[in-house]
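For reference, the structure discussed in these notes is given below.
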Amino acid sequence: MLHVLMMDTPALALGPLLHEGKAKRLYATTDSQLYAVEFKDMATASNGRRQCQVPGKGPLNCQISSQLFTLLEQAGLPTHFRGVLDNGWMLVQPLRMIPLEVVLRNRAAGSLLRQLPILAGQQLEPPLLDLYFKDDGLGDPFLSEARLATLNIVTPQQRIQLETMARQTNSALHGALNRIDLDLVDLKLEFGWDASGQLRLADELSPDNCRLWDQRQSPDSPGRSLDKDRFRQGLGGLVDAYKEVNQRIQVLGLKPQHGGSRVKS
Ligand code: ADP
Ligand code: UDP
């Protein structure tokens, strides 16, 4: 299949597929400073063991991520975002990815409830920061301080830089989402280094990797989760929930840079 990125200026064509993951495809382009990311409609849970096609999810995640990356850039936090295209495609800066999943938790939910005797929804102040080794084969294991040092993925100084940026990201997103009645319960972040050695936030910012609770609904309402928990817990209504998140984010008035007109295949 031939993919062509139809750009306004300059003309840009799609290069080889570099990586196909659970939620996205990453392509090289004819500009060595840009990768093109295609957001897939696939929903996965349990480290990819449960999968389902959810028509419309990919473009929604792309739009939500583009807006939230723009919000962070405006707050002075460097990201890989370079522009949104139509049909669920995004342009990003190629990074040397750090194989860590940085999880920030503002409230107790998900795996934390399975691992600690803690009340669901309990506020965590300061937010809890957990590091996991990004490796599907190993099931993304939790990293203790000592295990992180053993793997030697980042220096102690780089780790401080990474954790500081992760906390700033969480704080900026938590504040902005609160203004549209979305409670950012927790989120998973990925970072990488650009060619000049600048640390940047990468990957995506969407209800696939952020737990969002609707503050307009009562705490015991099954409609409260506006994120991938709807798939994880078999609640249904995933696309409607993501549409609601996307609509509310429009209210923030962010204007993501548009990278061009469309992607053809
Ligand atoms: P996974 O590989 O975990 O299943 P995805 O389907 O989301 O996840 O695939 C996207 C892949 O692209 C991830 O491995 C992610 O780390 C990587 N990635 C995200 N942003 C960039 C970037 N700017 N440069 C290089 N790799 C990136
Ligand atoms: N998360 C993610 N990818 C993962 C694991 C977790 O995006 O591989 C996100 C998840 O959506 C949630 C946060 O990280 O917003 C914390 O997830 P948790 O550790 O509670 O695990 P889960 O409940 O997903 O098993």
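Remember, it's 1-based here, ligands and their atoms both numbered in the order they're listed. Note that the coordinates shown come from a computational prediction; the quantities given were computed from them, not determined experimentally.
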Subject >> Heavy-atom donor-acceptor pair, Asp130 side chain to Leu104 backbone, under 3.5 Å >> reply: no
Original post:
Taking it one step at a time, do Arg200 and Gln93 satisfy side chain to side chain donor-acceptor pair (under 3.5 Å)?
Top reply: CA-CA 9 Å; Arg200 291 183 180 274; Gln93 186 170 352; 3.3 Å; yes
**OP:** Please indicate whether Lys243 has more than 12 foreign heavy atoms, meaning atoms of other residues, nucleotides or ligands, lying under 6.0 Å from its NZ.
**Re:** no
Subject >> Arg230 side-chain N/O to Leu238 backbone N/O, donor-acceptor pair under 3.5 Å >> reply: no
Original post:
What do you reckon, does Asp136 have a nitrogen or oxygen under 3.5 Å from a nitrogen or oxygen of ligand 1?
Top reply: no
Original post:
Is the NZ or CZ atom of Arg50 both under 6.0 Å from the centre of the six-membered ring of Phe231 and within 45° of that ring's axis?
Top reply: yes
Original post:
Taking everything shown except Glu145 itself, do over 12 heavy atoms lie less than 6.0 Å from its CD?
Top reply: no
Original post:
Does atom CZ of Arg216 have more than 12 heavy-atom neighbours from other groups under 6.0 Å away?
Top reply: yes
**OP:** Examine Glu204 against ligand 1 and note whether any of their N/O atoms are separated by less than 3.5 Å.
**Re:** no
Subject >> Minimum-distance protein heavy atom relative to atom 3 (O) of ligand 1 >> reply: Lys134 NZ, 2.5 Å
**OP:** Using a strict cut-off of 4.0 Å, indicate which atoms of ligand 1 neighbour a heavy atom of Val92.
**Re:** 23 (N)
**OP:** Could you tell me whether ligand 1 has any atom less than 4.0 Å away from a heavy atom of Arg96?
**Re:** no
**OP:** Among all protein heavy atoms, pick out the one at the shortest distance from atom 20 (O) of ligand 2; state its residue, atom name and that distance to 0.1 Å.
**Re:** Ser111 N, 2.8 Å
**OP:** Of the side chain and backbone of Glu190, name the one, both, or neither that has a heavy atom under 4.0 Å from an atom of ligand 1.
**Re:** side chain
**OP:** Name the closest protein heavy atom to atom 11 (O) of ligand 2, giving the residue it belongs to and the distance to 0.1 Å.
**Re:** Arg232 NH2, 2.8 Å
Original post:
Looking only at protein heavy atoms, which one is nearest to atom 13 (C) of ligand 1, and how far off is it?
Top reply: Asp203 OD1, 3.9 Å
Subject >> Residue part near ligand 1, for Leu26, under 4.0 Å between non-hydrogen atoms >> reply: side chain
Original post:
Donor-acceptor pair, Asn61 side chain versus Ser206 backbone, under 3.5 Å?
Top reply: no
Original post:
Got a donor-acceptor contact below 3.5 angstrom from the Ser144 side chain to the Arg147 backbone?
Top reply: yes
Subject >> Ligand-side contact atoms (ligand 2) for residue partner Asp208, heavy atom cut-off under 4.0 Å >> reply: 7 (O), 11 (O)
Original post:
Of the protein's non-hydrogen atoms, which lies at the shortest distance from atom 24 (N) of ligand 1, and what is that distance?
Top reply: Leu95 N, 3.1 Å
Original post:
Hey, does Ala202 come in under 3.5 Å of ligand 1, counting only N/O atoms on both sides?
Top reply: no
Subject >> Nearest candidate to atom 22 (P) of ligand 2, where distance is taken over non-hydrogen atoms, out of Arg211, Glu204, Glu101, Lys22 >> reply: Arg211
Subject >> Side-chain (Asp183) to main-chain (Val185) donor-acceptor, under 3.5 angstrom >> reply: no
Original post:
Counting distance only, does the side-chain N/O of Gln67 pair as donor-acceptor with the main-chain N or O of Ile64 below 3.5 Å?
Top reply: no
**OP:** Could you tell me whether ligand 2 has any atom less than 4.0 Å away from a heavy atom of Lys134?
**Re:** no
Original post:
Should Lys24 be counted as touching ligand 1, given the test is an N or O pair under 3.5 Å?
Top reply: yes
Original post:
To which protein heavy atom is atom 2 (O) of ligand 1 closest, and what is the distance rounded to 0.1 Å?
Top reply: His19 NE2, 2.8 Å
Original post:
Which protein non-hydrogen atom lies closest to atom 26 (N) of ligand 1, naming both residue and atom, and how far is it?
Top reply: Met97 CG, 3.3 Å
Original post:
Are the charged groups of Asp194 and Arg96 less than 4.0 angstrom apart, N to O?
Top reply: no
Original post:
Where's the contact between Lys22 and ligand 1, heavy-atom distance under 4.0 Å: side chain, backbone, both or neither?
Top reply: both
Subject >> Proximal atoms of ligand 2 relative to Arg105 (non-hydrogen, under 4.0 Å) >> reply: 16 (C), 18 (P), 19 (O), 20 (O)
Subject >> Close N or O approach (Ala23, ligand 1; < 3.5 Å) >> reply: yes
**OP:** Would you indicate whether Gln53, at its atom CD, is surrounded by more than 12 heavy atoms from other residues, nucleotides or ligands within a distance under 6.0 Å?
**Re:** yes
Subject >> Taking atom 1 (N) of ligand 2 as the reference point, the nearest protein heavy atom with its distance >> reply: Lys188 CB, 3.6 Å
Original post:
What do you reckon, are the aromatic ring centroids of Phe69 and His80 less than 6.0 Å apart?
Top reply: yes
Original post:
Is there a heavy atom of Asn47 sitting under 4.0 angstrom from any atom of ligand 2?
Top reply: no
Original post:
Nearest heavy atom to atom 13 (C) of ligand 2: which of Leu189, Asp203, Thr44, Asp186 does it belong to?
Top reply: Asp186
**OP:** Looking only at protein heavy atoms, identify the closest one to atom 25 (O) of ligand 2 and say how far it is in Å.
**Re:** Arg114 NH2, 2.9 Å
